[in-house]
Amino acid sequence: MTSQSKLNRLKRIISGYQSCVVAFSGGQDSAFLLKICSLVLPKRKILAVTAVSATYPKSELVKAKILAKQIGVRLKIIRTKELNNKKFTDNPAQRCYFCKQELFSKLIVIAKQKKLNFVLEAGNLSDKNDFRPGSVAKRELKIKSPLIVAGFNKKVICKLSKKLGLSSWNKPSLACLASRIPYGEKITFSLLKRIDQAEEYLNSLGFTQVRLRHHNSLCRIEVDNCDIFQVLNLRARIIKKLKALGYHYITVDLEGYRTGSLNEVIKR
């Protein structure tokens, strides 16, 4: 199936919803989904909702607001409280389930209040390559995933986002900050804040795709393979900053960035 035929199918699916709430992180996938919704549904029938918490990178909220304004869709900011849930903060392998349950439950309430028919999320076929316990919460709460139904993966989303003029077309992958913490280690506000500050600093040095994986007093930096030597060139500055944030040992992952690297332990 061609990209255009997938796009036509996606438009038909969304048109059939008639109205919706879109879970909008401001990432490449959710921006694309929101854009297509804006092309086939009346703007008054769409509400983008961005959930803010300690697990959401601080700088992303500004970007999400800008994107929603560019697309021309209403945006509502809410706060989620997954850190109040011990089942989440204990950080089991099913951690993502409790986070998504919290988010989607709130979006369902908003949809009912605003008399909007469905809640949509921007999962796609590329996500199936990783461990995603949050998808269970999605199924239980009957959240719609039109990109999966229409056959979209990351490559097609990127291609069509660029064609549609979305500034997010080449935006690096975005993930919950809790994904930087190995399963079993307690998730705290202060730890999430430290990870966010570390990644913000690395981004300020010009690295676009960055993960700071936390391992107690050690941190493991993941960047694109082409950027590994640049990390080494800037090692003195990076070491000084990350030690100031509380890390005793700073390492660079020679495999480079890859989605969900902490899930590799589960897969093995």
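None of the values given here were measured: they were computed from a predicted structure.
A single hydrophobic cluster is seen to contain both I14 and F32, as judged by linkage of ILVMFWY side chains at heavy-atom distances under 4.5 Å, directly or through other members. Linking ILVMFWY side-chain heavy atoms closer than 4.5 Å, directly or via other members, places F229 and F207 in a single hydrophobic cluster. No continuous path of ILVMFWY side-chain contacts below 4.5 Å connects L125 to L147, so the two sit in separate hydrophobic clusters. Y201 and V223 end up in the same hydrophobic cluster when Ile, Leu, Val, Met, Phe, Trp and Tyr side chains are linked at under 4.5 Å. Residues Y247 and L218 fall into different hydrophobic clusters, defined by Ile, Leu, Val, Met, Phe, Trp and Tyr side chains chained together at heavy-atom separations under 4.5 Å.
A donor-acceptor pair under 3.5 Å is absent between the side-chain atoms of S15 and the main chain of R12, judged by distance alone. Using modelled atom types, one side-chain atom of Y56 and one backbone atom of S25 make a donor-acceptor pair closer than 3.5 Å. Judged purely by atom type and a 3.5 angstrom limit, E102 uses its side chain to pair as donor or acceptor with the backbone of K81. A donor-acceptor contact shorter than 3.5 Å is absent between the side chain of D224 and the backbone of C226. K6 places a side-chain N or O within 3.5 Å of a backbone atom of G151 that can act as its donor or acceptor partner. In this structure, R235 contributes its side chain and L232 its backbone to a donor-acceptor pair below 3.5 Å. Panel note: side chain Q209, backbone S173; a donor-acceptor pair is recorded below 3.5 Å. Put simply, the side chain of N153 gets close to the backbone of V156: a donor and an acceptor are under 3.5 Å apart. No donor-acceptor pair under 3.5 Å is formed between the side chain of S145 and the backbone N or O of G123.
For the pair P182 and H214, the tightest heavy-atom approach, listed with the atom from each and the gap, is CD-O, 2.9 Å. V73 and A48 make their closest contact through CG1-N, 4.1 Å (heavy atoms, listed as atom of the first residue, atom of the second, distance). Heavy-atom minimum distance, S168 versus A31: OG-CB, 3.3 Å. For A54 against L192, the heavy-atom pair with the smallest separation is O-CB, 3.6 Å. Taking all atoms of both residues into account, the shortest heavy-atom contact from G72 to K43 is O-CD, 3.4 Å. Of all non-hydrogen atoms in A23 and L107, the two that sit nearest each other are CB-CD1, 3.6 Å.
At least one side-chain heavy atom of F24 sits under 4.5 Å from a side-chain heavy atom of L67. Looking at heavy atoms from C-beta onward, R213 lies in side-chain contact with S179 at the 4.5 angstrom threshold. Between N216 and E185, the closest side-chain pair of non-hydrogen atoms falls below 4.5 Å. In this structure, V119 and V22 have side chains that are not in contact, with every pair of non-hydrogen atoms separated by 4.5 Å or more. Contact of the I221 side chain with the L242 side chain is registered, since non-hydrogen atoms from C-beta on lie closer than 4.5 Å. Looking only at side-chain heavy atoms (C-beta outward), F88 and L83 come within less than 4.5 Å of each other. No side-chain heavy atom of V21 sits less than 4.5 Å from a side-chain heavy atom of F118. At least one side-chain heavy atom of P146 sits less than 4.5 Å from a side-chain heavy atom of L33.
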For this session: With side chain to side chain contact (heavy atoms under 4.5 Å, CB included) as the test, would you mind laying out the steps for Q28 and I157 before giving the verdict?
Result: CA-CA 8 Å; Q28 184 188 86; I157 291 169; 4.0 Å; yes
For this session: Might you work through the side chain to side chain contact (heavy atoms under 4.5 Å, CB included) test for T89 and T188, ending with a clear yes or no?
Result: CA-CA 7 Å; T89 57; T188 65; over 6 Å; no
For this session: Please lay out, stage by stage, how R258 and D253 fare under the test salt bridge (charged side-chain N to carboxylate O under 4.0 Å, His left out).
Result: CA-CA 10 Å; R258 63 255 190 225; D253 194 313; 3.0 Å; yes
For this session: Decide side chain to side chain contact (heavy atoms under 4.5 Å, CB included) for L164 and L39; before the verdict, give the C-alpha distance in whole Å, the side-chain angles of both, and the deciding distance to 0.1 Å.
Result: CA-CA 11 Å; L164 289 167; L39 296 177; 4.2 Å; yes
For this session: Please report the C-alpha distance between R132 and C96 in whole Å, then the side-chain angles of each, then the deciding distance to 0.1 Å, and finally whether the side chain to side chain contact (heavy atoms under 4.5 Å, CB included) criterion is met.
Result: CA-CA 7 Å; R132 302 272 178 163; C96 186; over 6 Å; no
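Between E255 and R220 there is no salt bridge, since no side-chain N of the basic residue sits under 4.0 Å from a carboxylate O of the acidic one. For the pair K138 and E140, the salt-bridge criterion is not met [side-chain N within less than 4.0 Å of a carboxylate O]. Comment: D196 does not engage K58 in a salt bridge, judged by the lack of any side-chain N to carboxylate O separation of less than 4.0 angstrom. Checked for salt-bridge contact, E199 and R180 meet the test: a charged N lies under 4.0 Å from a carboxylate O. Here D127 does not pair with K154 in a salt bridge; the nearest charged N to carboxylate O distance is not below 4.0 Å.
In this structure, C99 SG and L103 CG are separated by 6.5 Å, a value rounded to the nearest 0.5 Å. A distance of 11.0 Å separates NZ in K106 from CD in Q101, rounded to the nearest 0.5 Å. Between L75 atom CG and I66 atom CD1 the span is 11.5 Å, to the nearest 0.5 Å. The NZ atom of K63 sits 4.5 Å away from atom CD of E60, with the distance rounded to the nearest 0.5 Å. Summarising the geometry, atom NZ belonging to K186 is positioned 11.5 Å from atom CG belonging to L191; distances are rounded to the nearest 0.5 Å. To the nearest 0.5 Å, the span separating OG on S53 from CD1 on I78 amounts to 10.0 Å.
Ring centers of H215 and Y249: at least 6.0 Å apart, outside the cut-off.
None of N85, N84, T80 except one satisfies the side chain to side chain donor-acceptor pair (under 3.5 Å) rule with E82; the exception is T80.
The environment of K65 atom NZ is sparse: at most 12 non-hydrogen atoms of other residues, nucleotides or ligands sit within 6.0 angstrom. In R74, the CZ atom is crowded: over 12 heavy atoms of neighbouring residues, nucleotides or ligands sit closer than 6.0 Å. Within a 6.0 Å radius of NZ in K142, other residues, nucleotides and ligands contribute 12 heavy atoms or fewer.
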